[in-house]
Structure formats: C-alpha cells, structure tokens
Amino acid sequence: MSFTQKWPELGWALFQLLLVASFSQAKEPVCMQRGDPDNPQLSRDGDIILGGMFSFHSSWNDRKDTYIQKPLPLQCTSLNSREFRVAQAMLFAIEEINNSTDLLPGVSLGYKMYDTCGSIAQSIKVALALMNGNQIIFTAPEAPCTKPAQVQAIIGETSSSPCMAIATVIGPFYIPMISHLATCACLSDKTKYPSFLRTIPSDYYQSRALAYLVKYFGWTWVGAIRTNDDYGNKGMATFTETAQQLGICLEYSVSFFRTDPYEKIQKIIDIIKASTSKVIIGFLSHFDMDVLLHEFSLNNLTGYQWVGSESWIFDSQTAKMDIHHILDGAIGLYIPKSHVTGLQEFMLNVKLLNSSNNELFTEFWETLFNCKFKELKSTAENPRECTGHEDLTGVQNIFTDMSLMPMFNNVYKGVYAVAHALHNILNCNKTCEKNVQLDPFTILQHILKIYFKTKEGDEVYFDENGDPAAKYEIINWQPRKNGIMEFVTVGLYDASLSPDKQLTLQNDSLIWARNSKQVPVSVCSEKCPPGTRKVLQKGRPVCCYDCIRCAEGEISNITDSVTCLRCLPEFWSNERRDTCIKKEAVFLSYEEIMGALLTAASLFGTCMTTGVALIFFKYRKTPIVRANNSELSFLLLFSLTLCFLCSLTFIGQPSEWSCMLRHVAFGITFVLCISCVLGKTMVVLMAFRATRPGSNAQKWFGPTQQRLCVTSFTLIQLIMCIIWLTVSPPFPFKNFKEFKDKITLECALGTSLGYWAVLGYIGLLSVLCFIFAFLARKLPDNFNEAKFITFSMLIFCAVWITFIPAYVSSPGKFSVAVEIFAILASSFGLLICIFFPKCYIILLKPERNTKKNMMGKGAPRSPS
C-alpha cells in the first residue's frame, strides 16, 4: 500500500485519538463535545449533508477575557447581506440538485450553514462543529468515541485567512473544502492544505495581472494599500515581485485591517497626501475598503487613480458608499460575468426563510426594510412595523442588485462539483447505491478529477492544486449622469494564452479619475528621451533617475535607455545624440579657399617660371644667358616648373596613386632643382678659379661633368624613392584621432624612414650648395651670381628648417598645406633670387648685358 493510500487511515486514527483524549475525563458513558454547542443558522436534513461557512455578520464586539470566568459567546454585529445572498446561492444549488432526476437521483442533499462573523477563531470552532456535530452519543465506557464526519464537504469561507485556518484543521481528515472567493496563492500549496479547492482563480494570477495592467498604462511609480491578512499580504507580495520584474516601483505599501484604530487610518491618509504617485493599488477586502472609503471621503482624498482587486472592484455597496467620487475611474480585475438561470427569482422569494421563523431572516428583514417586528419592537421611536409580507421585487437596494452574480455562480459551481463527485462515487444511473460507505478522502479525489459543464455552459474542473483556470474581466468604474456607478467591462486577461496575448484592452472606452479621458501619469521621473541615458538617484528606487545627455560620439535611440552606445569609428553622434551620422571627410580640396589660393600660387609660379624660360630662350645668345652654363639654367627652370606643379598633387582627395606620386615627385623634382643650383654654384666657383694662371679647373668641371653630377645626384634620389615604394609605399589613410567629429583623409607615409631619407637627402644637397655659394660670395661684383645663389639657398634652408616643427604640429589637412607652402616658398625663393636679377638686366638694363661687363672689363661706373 502506498503512502498516499495510507493517509486516510492515519487521518481517521488521529481523529479518533483526539476524540478519545477529549472525552476521556467524562464520568458518564456519554460522548459529547466540550464547550457551548454551536447551532447552524440555516440547516436541513438529507441523505448527505454539506456544510456551509459564511460571514453573515462582518464584525463582532470585542470582549475582554479575564481567564477567571468562562468566556461569553462571540457576539456578531453588522449584518452582511452579501454573504446572506451567497448562502442563498448554495441553497438554490442544493434545491436544484434535489429536484433533478439526472444528478444524484433518489439522494437528497441537506445542509448546515454557520456564521463565522469574519473571525478566524469562530471559523475554526464552526469547522469542528461541522466535523463532529453537537449530538450527544451514548456508548459504553470502554468503547471508543468515534463516528463519521457530520458533513461530506464544506462550501466556504469567503476570505483567505479563515480558509487557511479551517483548511489546516480539516486537512488531516481530507474533508473537501471549496471556497468561492478565497484567492490567496498560498492556498494552492497541497502539502499544507491538501483538501482545499476553490472555484475562483488564485491571487498568483490576479497579482501578476494587476502588475501587467499597471505596466500597460506606463505607471511606474505607484502606492499600495493592502488588507492586513493573508489575502492582502501574500497577494501584494506577488504583485511587488512581478512589479519589480516589470520595472514598477512602490512609493509606499501600507497594510490595514478594519479593526485598526483611527490613528492607523490617519497615518495612511498622511502618507497618501505626502506622496507623489497618482496611482494606488488597492489589494483590499470589500470590508476594509468600505471603512477606508468613509475616512477618505472626510479628507477629500480625490483625484487618485485606483487599481483594485476582485474583492471590491465589482461591489455595488462600495460604489454606493462612494458619494464623494473617490473611486471614479477605478480599474481592476473581476471574475468573468455569468448568469445562473432562476437564481435571481429564488433570491427574491424568501418564503422558504420566512416559514422557518429563523432569527437570521428576522434580522435580515428588519435591516432590509428598516422596520421592526411587533414582538421585537423596542421602546425607541420607530414609525415602521414589519409585517413579513413586504415585497422584495419593488425594492432597489443592495440585496436586489445582481452585479455579484459571478460570485454566486462560484458557489453554485462548488456545490455542483461535490454533487458530481458523489454521483460518480455512488455509481448513479437511474438510481444511486445508497449503501456505499462515503469517506472524505474518496470524495476529494473524485472532485479533483471531475469535469462537467453547468446548464449555462460554464466548464468546471480543477488542476492539481485545486485551482480553476485563471481568467479575469477588466472592470472600469464609469459614473453616469444619474449618479449611478456603472461597472463597464473594458478588457480581458486570460492566463492560459501566450504572454503577448494575455491582456486585451479597449482603451477608447476607458474613463479615468476625475472623469478624464486622458490616461493619468504616475512616474517618479519622466521618461528619458532618445539622446540621453538614465542615472539612478542615490538612495532612491530604480524608477527615480536623472536623464544625462550622451557624451559626444555616443547615442541612445530608445526611450529610457540605460546606456549610450558608441558610434562606429566612421560615424559621429548628431546634435540630439539619437543617431550616428557619417563623419565629414576632411582633406585639402580645390574648392575651399585655402586649396584654391595654394592652387593659384602654384599655377602662378608655373607661369612665372615659364615666362622666365621664354625670356631666356629669346635672349639665349646674350652673354648673361650664356654665362654659367645656359643648359643648367634651362634645366633649373624646368625643375622649378615641376616643383610648382608637384604641389598640385597634394591637393584633392588622397588616393593610392596620388599618395605615391606626391612624395616621389616632390623628392625627385627638388633634388633635380638643387642639383642644378649646385652645378651652377660649382660652375661659378670653378670659372673664377680657372682665370688663375696654371689652373685646369675648367677641364675637371666642364659641361659633361656638370651633366653627370646632376644625373648622379638625381639618380640617387630616384633609387631611394624606388626602394621606398617597393618596401612600404605611402597609402591613403583615414585618421579618426585628429578630429572627433571628422575623418581626416591623408596619406600615410608607409615608413617614416623613407620620407625622412628623401627629405634629408634634399637637405644635404641644399647645405652643400649653400656652402659652395658661401665660398664664392667674394667674387668680383660684376660676376655676382654666387651671391644670389647664396641668398636663395639661405631662404630655401630657412623655409625647410621652419617646415619641420610646423609640419609636425599642424593637424590634418593643415599639415598638407604647410608642406605645399614650403614647396612653393622655396621654389619662389630660387626663382626670384637666381633669375629675376638676370631678367632685370635683360629687360631693363640691356647695356649691361655684354661680355665685357660680365667679365668685369666694361667702362668704369659713373660717379655717384
């Protein structure tokens, strides 16, 4: 036999031991319950008895126990017509089953209904009364005081905390208990409450649905008030856990119970007034909500958006009390609307209760019609006398309001679930086997397995935890012009669907607090727009943050971004920091002013050089042109033209070919130019020395040697350039570091050694040329070309020495401009210093353009 199968026997054994221990002190051979017997408020005999536990009264008078005298019985107060109607729903279901020929034919169901007054202690006492009964049993002294349970199943209680206490007591005996409104998720724990079932979904689903509802409307900063019992505390705990996962923060969460002192209510009011959140989650029982609503009205606590649990969101009595419109626009969850045919007519026909002359009926009748029966009429002035024949059909009050039909339907389904289980156990067909021994454990197992449809088509079944399927309607309180509050269904939550389809809402039909059509805003901090990121405020919840603008080069393109994303290297953030835009490519172009000026200077230098070459060509037979090797002069002019033109290769977008061309052309043309100047300097120096007696300098530095010198110097540079281009040539390069928001297109050197070798070689030749020119500076005045060469090389060296620090420190395209400026400046220096004096003589002083004057043998200068 399995452990599960042994449990019923162990339960009954425990039950027997309790009874034996309880009655072992009896002096007479009688089994009876200790204490004052509790009699049911409503009862009826039958073949099978069902128990009912309802809070016919919602409160009780406090009593002070002295522990000296026997405590007085609990005195219940405040008749609860809602629970009275719940009991009627149970009566209706039993009456309908007893009149049915299809369900439990030939078997009558009876009932015993007790008032728990909403007290946990009273609920446990009532549960024991339903299990044991109040009858006195005579038996022999040695016989055990055992008997079957008085009821086969219990319907009720309404609240979660009493249900937990009752289920704990009856759980070991596996007496089924089916609640119609106890929603605490903790009751799904079958290890603690093995015999508990319910026809309303667990708060696990309701709490999560409320959190999703709050998130749907963008409320991330809310307050919460809960009933200080298992229903409120555990339901709010699940809500808080889900809310944190969804990014919702609770500014405050306070508990309240209807018996709390006024100071506790005032503290809650002060907390709400001091808060900044505009949405309040009310996980409250309707009793507690009614108490709070009265105090909120006195303090004019209006304008808050309420989100309610199923206990009060569909309660017409709560709505009737809200005369100050505290709860206008409230939204919450309730079990789907339903209808039970014949139930309303049954409730309005109270002849069954009237005929029983029941105290409960009398109290209900007097409360309903505000009258007193004659025999109970007090001395206080009361103009009305109850007749017992008042007509309920003409009364419009809380009792005739059928808005709680879904709750009544839950009771109806619970009774029918027990009936169907009994129908299967008794093997009913046209008749039932009445001799079958019933035990609670078997009934419980059959209830968990049943599946049926009510006459209205509602499916009834339980999962392994004794819970039904979770489905809620979303209710919105909408005030009408006649002052009546209407509960409008505006959506549905179905936990059986996929997460993205569980919640459906009709936003257009919603009405909010203060009768507004605009969705209220309740946030600790406004949403951070794109282009910013959230930074939490120190010491505050995660919903409270500051919006910090993204840094340069970073973006956030979503609302409430936690981080900013860095743009890719070729992109940069726009002004709003919400998108990455492609960086502007920067290079020295012909279109910009600086590029255009440098281009103009280059072309101007080329034109000047060409003009000088034309002048020299026209006067090529004159002494001043022929002097100092006219061939070198034309070659120098050609190299200067190339120098001016090579600067153009530095302007424009760098490409693979332009990067290699610009540096190679620069290196070769300048070496060619300096080689020619060096050759001319050597010619001047050698020509002067050749005039000395016995000198053969002219022999060693004739035209052939001059050509060979220029070619050799240039060839060396050419070889160096070829090696550079072969090993690691210059290439186009995107510089992202120079400017944050721009891409500098430039030519990488490939290897710096090649570039500085080319430049250093040019510098070496320049220094040699300067030295030779300097040595020839004291030649006769009439032959002063060496002085001009010296001055030109001085300018050349000064320009390129200044170029180095300027080039290194200039960013981006400006370094290119510096290099072009150095090329042009040095070229203009050579052109002007070497050739302009000769052009001056050719064009303006032709009388000095003679061989005698060139040789220093002309007429003496005229006196000044």
Novice: Any carboxylate oxygen within less than 4.0 angstrom of a Lys/Arg side-chain nitrogen, looking at Asp328 and Arg514?
Specialist: no
Novice: Less than 4.5 Å apart, side chain to side chain, heavy atoms only: is that true for Tyr111 and Pro40?
Specialist: no
Novice: Would Asp467 and Ser202 count as having a side-chain donor-acceptor pair, cut-off 3.5 Å?
Specialist: no
Novice: Would you say the side-chain atoms of Thr341 and Glu456 include a donor-acceptor pair closer than 3.5 Å?
Specialist: yes
Novice: Tell me whether Lys278 is salt-bridged to Glu251, with the criterion being a basic N under 4.0 Å from an acidic carboxylate O.
Specialist: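 No, this pair does not count.
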Novice: Is it true that the side chains of Ser188 and Arg198 contain a donor and an acceptor less than 3.5 Å apart?
Specialist: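 Side chains of Ser188 and Arg198: pair found under 3.5 Å.
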Novice: Is a side-chain donor-acceptor pair under 3.5 Å present for Thr238 with Arg208?
Specialist: no
Novice: Using every non-hydrogen atom in the two residues, find where Phe217 and Asn507 come nearest and quote the distance to one decimal.
Specialist: CE2-OD1, 4.3 Å
Novice: Consider only side-chain N and O atoms of Thr489 and Glu473, and report whether a donor and an acceptor are under 3.5 Å apart.
Specialist: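 Short answer, yes.
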Novice: Can you confirm whether the side chains of Thr227 and Asp288 place a donor and an acceptor under 3.5 Å from each other?
Specialist: yes
Novice: Are Met177 and Cys163 close enough that some pair of their side-chain heavy atoms sits under 4.5 Å apart?
Specialist: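 The answer is yes, as the side chains (C-beta and beyond) meet within the 4.5 Å cut-off.
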Novice: Apply the side chain to side chain contact (heavy atoms under 4.5 Å, CB included) test between Ser160 and each candidate in Cys184, Ser285, Ser179; give the one that qualifies.
Specialist: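 Output: one option passes, namely Cys184.
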